[in-house]
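Notes follow the structure.
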Amino acid sequence: MSVFTEFREFIARGNVVDLAVGVIVGASFNDIVKSLVDDIVMPPIGLLTSGLDFQNLQLVLKPDNPLTRADELVAIKYGHFINISLKFLIVSWVVFWLVKGVNTVRRWEAEQSGVPDTPPAPPPQERLLIEIRDLLKAERKA
């Protein structure tokens with residue numbers, strides 16, 4: 001079997017294609033969340049905080065020297081961290097609701113198909129082994 005044949009089979013698997021689609025959609029979703037935080041969420045927060053722009057909040061450790069062409073500014077940009085944290089919370093919230101919705105649909109489909117939620121009882125051999133294991137544990141403790 002050639003390498004190209006194996007590669008074609010690898011790509012043709014459903015989970016690889018699903019993963020690729022997920023990565024592409026996730027990258028696009030990142031732009032949507034960035035716009036949501038920067039253009040919709042942060043302006044009202046900035047208005048409530050008297051025009052404070054979180055993106056530019058920083059703790060300057062070493063200021064930039066205006067006489068040199070090099071950028072010498074050393075700063076802890078905690079405002080940028082606040083924005084990124086808000087983006088994370090928004091993405092987490094959306095993913096939570098997405099997974100919650102998918103789980104609800106799966107439970108509903110399972111109820112419709114008549115498949116029980118509880119696993120079937122173990123066969124008699126397994127029950128006997130479980131009883132033996134429990135007895136051995138009880139003897140060891142005694």
Side-chain angles (χ1 to χ4, degrees), residues 1-49 51-141:
M1 180 179 276
S2 73
V3 173
F4 294 111
T5 306
E6 286 184 58
F7 183 70
R8 186 178 64 217
E9 287 177 5
F10 172 74
I11 293 298
R13 290 184 190 160
N15 54 359
V16 174
V17 174
D18 292 343
L19 178 63
V21 168
V23 168
I24 292 168
V25 170
S28 297
F29 188 67
N30 181 43
D31 294 338
I32 292 170
V33 171
K34 180 175 176 20
S35 176
L36 176 66
V37 171
D38 294 343
D39 302 331
I40 295 174
V41 173
M42 293 312 288
I45 292 175
L47 185 64
L48 289 173
T49 58
L52 183 64
D53 182 11
F54 283 92
Q55 188 68 26
N56 296 326
L57 292 178
Q58 59 188 0
L59 176 65
V60 177
L61 302 175
K62 178 183 175 192
D64 192 21
N65 186 352
L67 301 177
T68 61
R69 295 183 76 175
D71 185 17
E72 298 172 347
L73 176 68
V74 178
I76 298 173
K77 298 180 179 182
Y78 63 92
H80 184 70
F81 178 75
I82 292 171
N83 279 356
I84 296 296
S85 298
L86 281 173
K87 289 177 193 175
F88 172 77
L89 289 174
I90 290 170
V91 170
S92 300
W93 185 250
V94 169
V95 169
F96 166 76
W97 283 105
L98 181 68
V99 170
K100 184 174 174 57
V102 168
N103 288 340
T104 302
V105 169
R106 285 185 180 166
R107 272 188 243 114
W108 180 79
E109 287 176 348
E111 289 172 2
Q112 298 301 319
S113 68
V115 176
D117 288 341
T118 58
Q125 298 91 344
E126 285 187 33
R127 280 187 291 192
L128 181 60
L129 289 171
I130 290 171
E131 289 176 18
I132 293 170
R133 180 199 63 198
D134 293 343
L135 287 171
L136 289 172
K137 280 184 183 177
E139 283 182 17
R140 218 178 298 145
K141 289 181 181 178

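Just so you know, residue 1 is the first one in the sequence shown, and it goes up from there. The model shown is predicted, which means the values in this text are computed figures rather than measured ones.
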Task: Sole residue of Val41, Ile82, Val33 in side-chain contact (heavy atoms from CB on, under 4.5 Å) with Lys87 - done: Val33

Does atom [atom1] of [X] have more than 12 heavy-atom neighbours, drawn from other residues, nucleotides or ligands, at distances under 6.0 Å?
| X | atom1 | value |
| --- | --- | --- |
| Phe4 | CZ | no |
| Phe81 | CZ | no |
| Arg133 | CZ | yes |

Atom pair [atom1] ([X]) and [atom2] ([Y]), whose distance is rounded to the nearest 0.5 Å:
| X | Y | atom1 | atom2 | answer |
| --- | --- | --- | --- | --- |
| Glu139 | Lys137 | CD | NZ | 13.5 Å |
| Lys34 | Leu36 | NZ | CG | 11.5 Å |
| Leu57 | Ile76 | CG | CD1 | 13.0 Å |
| Asn83 | His80 | CG | NE2 | 7.5 Å |

Could you report the tightest heavy-atom contact between [X] and [Y], atom names first, then the distance?
| X | Y | value |
| --- | --- | --- |
| Ser2 | Thr5 | OG-OG1, 2.8 Å |
| Ala75 | Gln58 | CB-OE1, 3.7 Å |
| Pro43 | Asp38 | CD-O, 3.4 Å |

Task: Any donor-acceptor N/O pair, Thr104 side chain to Lys100 backbone, under 3.5 Å - done: yes

- [ ] Taking the side chain as every heavy atom from C-beta outward, state whether Arg107 and Asn103 have any pair of such atoms under 4.5 Å apart.
- [x] yes

